[in-house]
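Each remark here refers to the structure printed beneath this line.
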Protein chains: 2
Amino acid sequence: MSASKSYSIADLAAEFRVTARTLRHYEDAGLISPARAGQNRVYSTADHARLAWIMRGKRVGFSLAEISEMLDLYNLGDDREEQRRVTLERCRKRIAALEAQRGDIDLTIAELDEFCNTLENLGEDPRLQHTG
Amino acid sequence: MSASKSYSIADLAAEFRVTARTLRHYEDAGLISPARAGQNRVYSTADHARLAWIMRGKRVGFSLAEISEMLDLYNLGDDREEQRRVTLERCRKRIAALEAQRGDIDLTIAELDEFCNTLENLGEDPRLQHTG
DNA sequence: TATCTAGTTTACGTTTACGTAAACGTCAAC
DNA sequence: GTTGACGTTTACGTAAACGTAAACTAGATA
């Protein structure tokens, strides 16, 4: 089972292209809780996966607080009926928000694309260039 | 031509659901430059459109500096050959970045979706619930 | 004429997400 | 036995994106 690897803080920092400070900060913010060997942090494969989630959340544009909430959803997943209903609802709202965000991204891409085309046509039809 | 409307700072603040302070801040940051009637700001329909762009940029997760850059692309569009080539390249990089971000969003949605399904199935199959 | 109402500038405060020392522990290597 | 390499905590610094309070201006209204 090579699934039970462990990582030093430098390992993960290098892999995810962040500083050790950043990883400690995420720990302060309650996003990860690596084990300790003495006082040194030891990250498990689960921590590794969790961190991958965090980094993707960052790329999507979420704050650490929002990412923390989303990770909490998973932890609450095995709770009792009512709690589960609430979790499900929050989960769906997040999905809706993400879909809205994707819509904004698509619109932005479309406009930039169109602008690119304008620029290209300008290049191929010098009549449209101003000569100064 | 109802396309030549004008807006007060309060108008736009209300419409885009931000404070007047925010609009003034965007001005400080060089994102908009409304006309003045005396010392009061008067926003044109062009300013209105520009602001819509800004807000969408924010929703996508861009910083004000990035949004400023993107808006600059449009202004540089009518420049000379070499400058235009650079603009085009930067424009395409932005598009690529946006597509990557959309990929991250899709992945996140997929995982949340799957998690939602798990929660729903748990609800429909009480055997999987823990009772203690 | 006095008082709103809406806008203005100036400037310090706040939150988020880390950066950046400073001072120290630990273990392997020389 | 001390020098590195790598880790730790503590704590102040910083950039971005506004919030917020203070003090002021200018036009509309009672």
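Reckoned from all heavy atoms, side chains included, excluding hydrogens, waters and symmetry mates. Numbers restart at 1 for each chain; the letters A, B, ... are given by sequence-line order, proteins then strands. Everything quoted here is computed from the prediction, not taken from an experiment.
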Donor-acceptor pair between B/Asp11 and B/Ser8 side chains, under 3.5 angstrom
yes
I need the [X] [atom1] to [Y] [atom2] distance, nearest 0.5 Å.
X       : Y       : atom1 : atom2 : value
B/Phe16 : B/His48 : CZ    : NE2   : 4.0 Å
A/Ser6  : A/Asp47 : OG    : CG    : 10.0 Å
A/Ile32 : A/Leu71 : CD1   : CG    : 10.0 Å

Looking at A/Phe62, is A/Arg94 sitting on its ring face, NZ or CZ under 6.0 Å from the six-membered ring centre and within 45 degrees of the normal?
yes
Counting the atoms with a prime plus P, OP1 and OP2 as sugar-phosphate, which does A/Phe62 contact under 4.0 Å by heavy atoms, base, sugar-phosphate, or nothing?
nothing
Under 4.0 Å between any heavy atoms, over every strand shown, what does B/Arg24 touch: base, sugar-phosphate, or nothing? Just pick one.
base
Under 4.0 Å between a side-chain N/O of B/Arg41 and OP1 or OP2 of C/dT8, yes or no?
yes
Between [atom2] of [N] and [atom1] of [X], the distance in whole Å:
X       : N      : atom1 : atom2 : result
B/Arg36 : C/dT8  : CZ    : P     : 6 Å
B/Leu12 : C/dA6  : CG    : P     : 16 Å
A/Asn40 : C/dC27 : CG    : C1'   : 10 Å

Might you work through the ring pair (Phe, Tyr, Trp, His ring centres under 6.0 Å) test for B/Tyr74 and B/Trp53, ending with a clear yes or no?
CA-CA 12 Å; B/Tyr74 287 92; B/Trp53 235 97; 5.7 Å; yes
Contacted region of DNA chain D by chain B, from 5' end to 3' end of the hits, cut-off under 4.0 Å to heavy atoms, spans D/dA17 to D/dT20
Return whichever of A/Tyr43 or A/Arg21 has its heavy-atom-nearest nucleotide of DNA chain D closer to the 5' end.
A/Tyr43
